[in-house]
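The structure appears below as structure tokens.
Given the structure is predicted, the values throughout are model-derived calculations rather than measurements. Reminder, nothing fancy here: chain letters follow the sequence lines and each chain counts from 1.
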Amino acid sequence: MFPLNLPELVSPWGANLIYFAIGLAFGFILESAGFGDSRKLAGQFYFKDLAVLQVMFTAIVTAMLLVFWAVSLGWLDYEAIWVNPTYLWPGITGGLIMGVGFIVGGFCPGTSLVSLATLKLDGAFFVLGVFTGIFVFGETVESFSDFYNSSYLGRLTLMDVFGLDTGVVVLMVVVMAIGMFAGGAWVRDRLVLAKKEETGT
Amino acid sequence: MAIGKTDVDPTVDRPVYWNSYIAGAALGVLLFTSFLLTGNGLGASGGIQRVIVAIEDLVVPSYVDRTPNLATLAGGDRKPLNNWIVIEILGALVGGFLSGLIHRRLRIETRKGPRISKSTRWAMAFLGGAIMGYGARLARGCTSGQALSGGCVLSAGSWAFMLSIFASAYALAYFLRKAWN
């Protein structure tokens, strides 16, 4: 029955080794996908490069299908895995702030680490910025802790929100992802055509 | 739809990145494996936060003990670095380095749009990073810990968060087009 209790099963050191291996694979895949390159990442928001959308939503759909298959087969205990609790408004506000940070800086925290690891100077400055931002957050959060802890809805899932069965929500996410892949590619190709006509090539 | 078509870096001829759908599927399998083995997904900003708090705990331990949100990580005998996410981001740094090495992308350089200077790009990267770091802690997670990990287990808050990032980045993209194009 999964998830495993690693520290008990393979000792704390064995567990750390597995955490390290998971991180290693994470960094390797991000870099291989081109996510150490800020221009490639930012290209998403000008429909020049759809890798962010494609990688992210393929990953979410793949992991989601595997997770809920394993749950329905009784191999994985859904109640025992970490489902991010919902703090609705702090989450939405944080997301809106991060969108600004992304378009200004060109990374998210994870991709900036990979960029730094491949010696990109913009990645290094971004990582310095992330350290600064997180430090400042830690120093200021006490002044608005009411908001930070507001709209707490606990372990709320999309199934709870829509009142639908898990299978239906899973199918909706898959259909939405395919729709976004097709829609994104359609917009990108239209922009390429428009540019070609403009320059007459 | 261009499944199977590989995106090529348009600026220079350098080794091509993995096909996005293949990279995404690999990332999804990894994410699932992580949930199976550890009960957790992936993360980044939470690990960086723990490194910062560990430094603060070295320099000003009594201050950390008095500040509730820092004390939950490093108050008293708590060791902020003794956590899976810290080990995981160390692994991610090494993994990124190895991929760069194998694919011959280890090069000291600055990636930027052609119409801005290097120093402008550096300033924007620092500023963007600071904004991103602040927002990620307000949202209790970043693209890895909230969007990917919470998204695939269908957390409602993670989906609201993910839509917010894309909405605000797209809304602002037009005004910053000079920086990237």
Side-chain angles (χ1 to χ4, degrees), chain A residues 2-3 16 19-20 23-29 31-34 38-39 42 45 51 54-55 58-60 62-64 66 81-84 86 91-92 94-99 101-105 108-110 114 117-119 121-122 125-126 129-130 132-134 137 156-158 161 182, chain B residues 1 17-18 20-21 23-28 30-32 34-36 39-40 44-45 49 84 87-88 91-93 95-97 99-100 108 110-111 122 125-126 128-135 137-139 142-144 150-158 161 164-165 168-169 172-173 180:
Chain A
F2 294 97
N16 282 344
Y19 302 144
F20 186 81
L24 191 99
F26 184 36
F28 194 94
I29 294 169
E31 206 289 328
S32 298
S38 53
R39 281 197 83 192
F45 297 95
Q54 291 164 343
V55 171
T58 308
I60 288 174
T62 306
M64 175 188 70
L66 291 170
I81 60 174
W82 174 253
V83 174
N84 300 55
T86 294
I92 288 176
L96 292 174
I97 293 173
M98 284 177 69
F102 193 100
I103 210 71
V104 172
C108 62
V114 167
T118 55
L119 312 178
L121 295 177
D122 50 329
F125 277 99
F126 192 95
V130 171
T132 309
I134 294 180
F137 179 81
L156 184 75
T157 65
L158 291 181
V161 171
Chain B
M1 205 163 78
Y17 299 119
W18 286 0
S20 297
Y21 294 107
L27 188 55
L30 175 70
L31 192 52
F32 169 67
S34 181
F35 274 111
L36 271 192
N40 277 301
S45 66
Q49 180 190 30
W84 67 273
I87 318 273
E88 187 234 42
L93 277 170
F97 174 81
S99 173
I108 299 176
T110 298
R111 304 289 296 142
W122 294 341
F126 180 82
I131 295 170
M132 184 64 100
Y134 199 92
R137 287 336 295 166
L138 177 58
C142 56
T143 329
S144 316
C152 81
V153 294
L154 302 177
S155 156
S158 296
F161 162 83
S164 312
I165 296 189
S168 94
L172 206 65
W180 296 110

Top contributor to chain B contacts, counting heavy-atom pairs under 4.5 Å, from G110(A), G91(A), G94(A) | G94(A)
Is it the side chain or the backbone of L154(B) that comes within 4.5 Å of chain A heavy atoms, both, or neither?
-> both
Output the option from N84(A), I81(A), T62(A) having the highest count of non-hydrogen pairs under 4.5 Å with chain B.
-> N84(A)
Between S164(B) and L96(A), the two heavy atoms sitting closest are O-CD2, 3.5 Å
Between A25(B), G96(B), S45(B), the one whose heavy-atom pairs under 4.5 Å with chain A are most numerous | G96(B)
Among the listed options A26(B), G91(B), A23(B), the residue most often paired with chain A at heavy-atom distances under 4.5 Å = G91(B)
Mind listing the closest non-hydrogen atom pair of G95(A) and S168(B) along with its distance?
-> O-OG, 4.1 Å
Of all of N16(A), I92(A), L24(A), which one pairs up most often with chain B through heavy atoms under 4.5 Å apart?
-> L24(A)
Quick one: which of S34(B), A139(B), A44(B) has the most heavy-atom pairs under 4.5 Å with chain A, could you say?
-> A139(B)
Heavy-atom closest pair (R111(B) atom, D122(A) atom, distance to 0.1 Å) is O-OD2, 3.0 Å
Side chain, backbone, both or neither: which part of V161(A) has a heavy atom under 4.5 Å from chain B?
-> side chain
Relative to chain B, which of Y19(A), F2(A), F28(A), W82(A) shows the most heavy atom pairs under 4.5 Å?
-> F28(A)
With a 4.5 Å cut-off on heavy-atom pairs, point out which of A92(B), C142(B), G157(B), G100(B) contacts chain A the most.
-> A92(B)
Most contacts with chain B, counted as non-hydrogen pairs under 4.5 angstrom, among A117(A), A25(A), A42(A) | A117(A)
Of L121(A), T86(A), V114(A), I97(A), the largest count of non-hydrogen pairs under 4.5 angstrom with chain B goes to L121(A)
Taking F35(B), W84(B), W180(B) one by one, which has the highest count of heavy-atom pairs under 4.5 Å against chain A?
-> W180(B)
Taking every heavy-atom pair that is under 4.5 Å apart, which of L172(B), I131(B), L36(B) has the most such pairs with chain A?
-> L36(B)
